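This report refers to the structure that appears directly beneath it.
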Amino acid sequence: MPSNFLSGRVLADVGGTHARFAWQASAGAAIEHVRVLRVAEHASLQHALRSYLDGLGLERPAAAAIAMANPVTGDLVRMTNHDWSFSQAALQAEFGLQTLRVLNDFTALALALPHLPADELRQVGGGPAKPQAAIGLLGAGTGLGVSGLLPDGRGGWVPIQGEGGHVTLPASTRRERLVMDGFERRHGRASAERMLSGPGLLEAFLLLCEADSASAGGLASAAAVSEAALAGSHPQANEALNMFCGLLGSVAGDLALTLGARGGVYIGGGIVPRLGTWFDASPFRERFEAKGRFQAYLAAIPVWVITSAQSPALLGASHALDAVA
């Protein structure tokens, strides 16, 4: 591999736990050399990016598109669920980039949705999508990302840039209220992300165990809680994961109503795709449609779980870079 690609592009999808980097030789070229780095093992984005480039013998790309799990509102970028921060101008100067595009990670994922092949999607209820209708997107991982696409009237799409993961989370049952009260005691309020994330799933499980005077059984991570729920080996783990899916359905239904997302709702993130078809029979779809007089409206809206092996946000970042090239 040559050691210097002055015309190449670096793409990145940076979450609270992992940073995914990839190389693209030019606009429209294949996305390759994908590497996943643990965020906690690098002092900064710059350090992680340099580690990626050095590991592949790459020196100075001409452009970079970086999708970050936080709002991007100015030159200074601070991650919500980690301590990385950087100046866009300083990053561009340090790496000699001709073009730099920094955007929210779920905005990038939204830009990829029209380009996802059918075999990377699994439909969970609803009918066919309405062409050129709004599209919703959400996904739980270290946090809760929310975005979508609005038709631009010319056959294209405008991505939504927002922070919908931090809306207030409603409780519909006594047990949900118990968990929400626990979040409010500990954090001051119960946002959607407090529950609908990896840390939130674990915390909800522990709150249920505390309320029931039950042992946590050594389960100390969201992955362990999910595995115990799928195996049916811990009642509170099973309840926590079902509660998670039900509340995700409530939030997704609210998003569909807000956007008029008759083009469908997509679910990404690191948690739901790993649940496989268990998720399809969870309370998600029932709660998605449980909106009173608008039940029939929502029943027609398709929901797809994104099952792509490679982060689609990298593809979306590439499209974002094309728009400013």
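If you're wondering where the values come from, they're calculated on a predicted model, not measured in any experiment.
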pair [X]-[Y]: side-chain heavy atoms closer than 4.5 Å:
X	Y	value
E203	R186	yes
S282	F244	no
Q236	V225	no
P61	W23	yes
I66	L91	yes
T142	M79	no

TODO: Quickly, which of N104, V14, D105, T80 forms a side-chain contact (heavy atoms from CB on, under 4.5 Å) with N70? Name it, please.
DONE: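 Only match with N70 under side-chain contact (heavy atoms from CB on, under 4.5 Å): T80.
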Minimum heavy-atom distance between [X] and [Y], given as atom pair plus value:
X	Y	value
G15	A69	CA-CB, 3.9 Å
G16	H82	O-ND1, 4.2 Å
L321	A63	CD2-CB, 3.9 Å
A317	A65	O-CB, 3.3 Å
V251	A192	CG2-CB, 4.4 Å
V39	H18	CG2-C, 3.6 Å

Consider only side-chain heavy atoms of I, L, V, M, F, W and Y, link residues closer than 4.5 Å, and tell whether [X] and [Y] are in one cluster.
X	Y	answer
L97	M68	yes
V146	L116	no
L111	L150	no

To the nearest 0.5 angstrom, please state how far the [atom1] atom of [X] sits from the [atom2] atom of [Y].
X	Y	atom1	atom2	answer
L109	S147	CG	OG	8.0 Å
D119	T307	CG	OG1	7.5 Å
R122	E120	CZ	CD	13.5 Å
L207	D181	CG	CG	10.0 Å
I267	L121	CD1	CG	11.5 Å
S197	I271	OG	CD1	6.5 Å

TODO: List for me each residue that meets side chain to side chain donor-acceptor pair (under 3.5 Å) alongside E193, sequence neighbours excluded, and say none if there are none.
DONE: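 Scan of E193 (side chain to side chain donor-acceptor pair (under 3.5 Å), adjacent residues dropped) gives none.
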Open item on the list: Walk me through whether F205 and E210 qualify under side chain to side chain contact (heavy atoms under 4.5 Å, CB included).
Closed with: CA-CA 9 Å; F205 163 71; E210 178 184 295; over 6 Å; no
Open item on the list: For the CZ atom on R101, are there more than 12 heavy atoms of other groups (residues, nucleotides or ligands in this structure) within a distance under 6.0 Å?
Closed with: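 Yes, CZ of R101 has more than 12 neighbouring heavy atoms, counting only those of other groups under 6.0 Å.
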Task: Flag if over 12 foreign heavy atoms under 6.0 Å of NZ, K130 - done: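 Check fails, neighbour count at 12 or below.
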If we ignore hydrogens and angles and just use 3.5 Å, is the side chain of [X] paired with the main-chain N or O of [Y] as donor and acceptor?
X	Y	result
W157	A110	no
S308	S311	no
R60	G96	yes

Task: Intermediate values then yes/no, side chain to side chain contact (heavy atoms under 4.5 Å, CB included), F21 and L11 - done: CA-CA 6 Å; F21 292 94; L11 309 173; over 6 Å; no
Task: side chain to side chain contact (heavy atoms under 4.5 Å, CB included) between M195 and E176, intermediate numbers included - done: CA-CA 10 Å; M195 171 71 193; E176 287 177 3; over 6 Å; no
TODO: Determine, step by step, whether L241 and L230 satisfy the side chain to side chain contact (heavy atoms under 4.5 Å, CB included) criterion, reporting the C-alpha distance in whole Å, the side-chain angles of both residues, the deciding distance to 0.1 Å, and the verdict.
DONE: CA-CA 9 Å; L241 190 59; L230 297 180; 4.2 Å; yes
Cut-off 3.5 Å, no hydrogens considered: what does the side-chain donor-acceptor table look like for residues 214-223, sequence neighbours left out?
{"from": "S215", "atom 1": "OG", "to": "G217", "atom 2": "N", "distance (Å)": "3.0"}
{"from": "S221", "atom 1": "OG", "to": "A224", "atom 2": "N", "distance (Å)": "3.1"}

Open item on the list: Could you work out, with side-chain contact (heavy atoms from CB on, under 4.5 Å) as the rule, every residue matching P273, not counting sequence neighbours?
Closed with: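 For P273, the residues satisfying side-chain contact (heavy atoms from CB on, under 4.5 Å) (neighbours in sequence not counted) are V305.
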Open item on the list: Applying side-chain contact (heavy atoms from CB on, under 4.5 Å), can you list everything that pairs with Q88, at least two apart in sequence or on another chain?
Closed with: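 Testing Q88 for side-chain contact (heavy atoms from CB on, under 4.5 Å), a comparison that skips the adjacent residues, returns V72, D75, V77, F86, L100, V102.
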TODO: For a side chain to side chain donor-acceptor pair (under 3.5 Å) with Q24, tell me which candidate from R9, H33, E32 qualifies.
DONE: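 Checked R9, H33, E32 against Q24; only one passes side chain to side chain donor-acceptor pair (under 3.5 Å): R9.
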Open item on the list: salt bridge (charged side-chain N to carboxylate O under 4.0 Å, His left out) for D280 and R285? Distances and angles first, verdict last.
Closed with: CA-CA 8 Å; D280 304 2; R285 186 74 208 193; over 6 Å; no
Task: Partners meeting salt bridge (Lys or Arg N to Asp or Glu O under 4.0 Å) with E184 (sequence neighbours left out) - done: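 Salt bridge (Lys or Arg N to Asp or Glu O under 4.0 Å) check on E184 returns R177.
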Task: Results of salt bridge (Lys or Arg N to Asp or Glu O under 4.0 Å) for R189 - residues two or more places apart only - done: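 Not a single residue meets the salt bridge (Lys or Arg N to Asp or Glu O under 4.0 Å) criterion with R189.
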- [ ] Report the relative orientation of the aromatic rings in Y266 and W304; use parallel for angles under 30°, tilted for 30 to 60°, perpendicular for over 60°.
- [x]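 Answer is tilted, since the angle falls between 30° and 60°.
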